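Scroll down for the structure; my scribbles are underneath it.
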Amino acid sequence: MCGIVGYIGTREATEILMSGLERLEYRGYDSAGIATIWEGNLHFVKAEGKLRNLQEKLKQNSNPSQIGIGHTRWATHGKPEERNAHPHIDNNNKVGVVQNGIVENYQEIAEELTKAGYQFYSETDTEVIPNLIAKHLAAETDPNPSSYETPLLKAVQKAIADLEGAFALAIVAADYPDEIILVRQQAPLIIGFGLGEFFCGSDITAFLPYTRAVLNLENGEMARLTPLGVEIYNFAGERLKKAPKTLNVNPILAEKQGYRHFMLKEIHEQPGVVRSCLRSYINRDWLEKENPDFSPVNLDLSESLIAGIDRIQILACGTSWHASLVGRYLIEQLAGIPTQVQYASEFRYAPSPITPNTLTIGVTQSGETADTLAALEKEKERRSNQDPQFQARILGITNRPESSIAQVTPNIIDTQAGIEIGVAATKTFVTQLIAFYCLAIELAYRRQNIPNSRIAEIINGLFALPNQIETILETQEDYSEELAHEFIETQDFIFIGRGINFPIALEGALKLKEVSYIHAEGYPAGELKHGPIALLDAKVPVVAIAQPGLVYEKVISNAREAKARDARLIGVLPASDSNGSKVFDDLFAIPEVEEILSPILSVIPLQLLAYHIAARRGLDVDQPRNLAKSVTVE
Ligand code: AGP
């Protein structure tokens, strides 16, 4: 949500800022802007809408500055108009600020500043910040500044003492042409270390082509970037010693590689990332041993994290919440541990009563979702007076182990999906599911809740999945594209599933509404008759996920009930199911697997359908309106 980029070094800043913004555009795309310093002046260019509008403007406004900050915006305060675009500049055109997050008390600050003669031109919460810094710079009279402090750093330090909320800031000032000041408070900000040049970004993608040596600022920290190096401070102005680390990230992941959209590319990456996640965590040697004395899964979870747990609560939002619902099913059915799944945004204000042997799991693809991080922080705080083992029982599941969730909990399962650029989560969802299979097997094995022979069956089934996903992509892609033609004008869709495939119905509906703007709802198939069936007629297609197993016959009956109301029925069924297929008007035929493994396969045709309908409608699939990849505001 909002992307920040910054550069200081020996190259032309504008080019580096713009290439950073291109890679950050998935975080927000309502407006964009950059500020540079050249010949003692602050230059800024901003444009409403997509980045290409800013690119056009820069053709007439560029300069060879070697320092600058840039921003791509997801509107919170104020409409997506040019005057609300970042950078925001103080009244004297001296200080430029880009911000991610929200300053909650900006109105009070604006009132104070207005009384002192400052004027405001935007509707944003950000505009108070450059003016506040300018005010402190003007009043900077400290006769004995400590050796490290520069007037700009000091003025920023004083300004942020007045700010309440969650924010990440990058600041430049015309009179200090050799420094960028960074501030992090509950919103991500990462520094990149090059050779004689330094970068910052709200995500590593901002500077991935230039360096993989990074330092993640922590909440309550500031940094000063100069052409000579990086200094880190806490908000009290004390210098901190910190060293960068090198990330093992493939920059190719942030390129489209010939695909029309990132979403399509990421759908096609799924066999590979599922394979890689399984190989990372499942020990296939275990299958070969008669009486293995080691675990089939190696998630590197400490004893203190999981020994003796009798309850699990999972906190997540959106697609990660859907993955968590599948996770609950797996943990309860395989490991026998009662599990709750809560929306992180709801949990924050109404947490369940605390019990000592509860393991809390936060699930997030970005690792930056404000609601999920705040819910986990809340959980940590609630546990802070308890015994150390209880305090330790917090785990994160993410594909971004370098992100903020790692600052909340050191216990992370990296789903191995890598960076996902398309706003609609696809590969990160299936790998979150694989992480849950691994966790459920690990817990089931430790508790001896199911026989080893059953664990072996499931593991063998899991290793067959990557090839089966490939089969679906080969056989169903063209079909889903053709089918998509028929739904260009459709206004409503219903998705139904039961048991372990109910969350897949929710996910199918979310994917479709996110990228195609078609209204879609997911229901447990048995609930259709309790209300939603009133919506059905010939204009409302129903997608039913019917996989052999416990609830197969029930789903088929529920689908028939929909057909009796004239709904067009689309089935997601095993290719081998010749009887079931007669019920449906259209069919996604997928390889047959046992029910407990079926979500991983059922979701693929639904992703393809959502993608192709949106692409057919000519929509911006990777950057759907009003959405952002990392939701870093509450
Ligand atoms: C997924 O397609 C959505 N873009 C959205 O629901 C997302 O899953 C949600 O915002 C949570 O994000 P997270 O996984 O990064 O925490």
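Model, not experiment: these values are computed from the prediction. Numbering of ligands and ligand atoms starts at 1, following listing order.
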Using a strict cut-off of 4.0 Å, indicate which atoms of ligand 1 neighbour a heavy atom of [X].
X	answer
K511	1 (C), 2 (O)
C317	8 (O), 9 (C), 11 (C)
A425	1 (C), 2 (O)
S320	8 (O), 13 (P), 14 (O)
A424	2 (O)

Please report which non-hydrogen protein atom sits nearest to [atom], along with the residue it belongs to and the distance in Å to one decimal place.
atom	answer
atom 8 (O) of ligand 1	T319 N, 3.0 Å
atom 13 (P) of ligand 1	T369 OG1, 3.1 Å
atom 15 (O) of ligand 1	S366 OG, 2.6 Å
atom 10 (O) of ligand 1	V631 CG2, 3.8 Å

May I ask you to check if ligand 1 and [X] share an N or O to N or O distance below 3.5 Å?
X	answer
E514	yes
G318	no
T364	yes
V423	yes

- Tell me, yes or no, whether the heavy-atom count around D300 atom CG, taken from other residues, nucleotides or ligands under 6.0 Å, exceeds 12. no

Short side-chain donor-acceptor distance under 3.5 Å, [Y] and [X]:
X	Y	result
R279	Q416	no
E377	Q186	no
H268	E477	yes
S19	Y210	yes
R383	T360	yes

- From L334 CG over to Y437 OH, what is the distance, rounded to the nearest 0.5 angstrom? 9.0 Å

- Out of R260, K50, R52, which one pairs with D620 under the salt bridge (charged side-chain N to carboxylate O under 4.0 Å, His left out) rule? K50

- Item | Y517 six-ring face occupied by R617 cation (under 6.0 Å, within 45°) | no

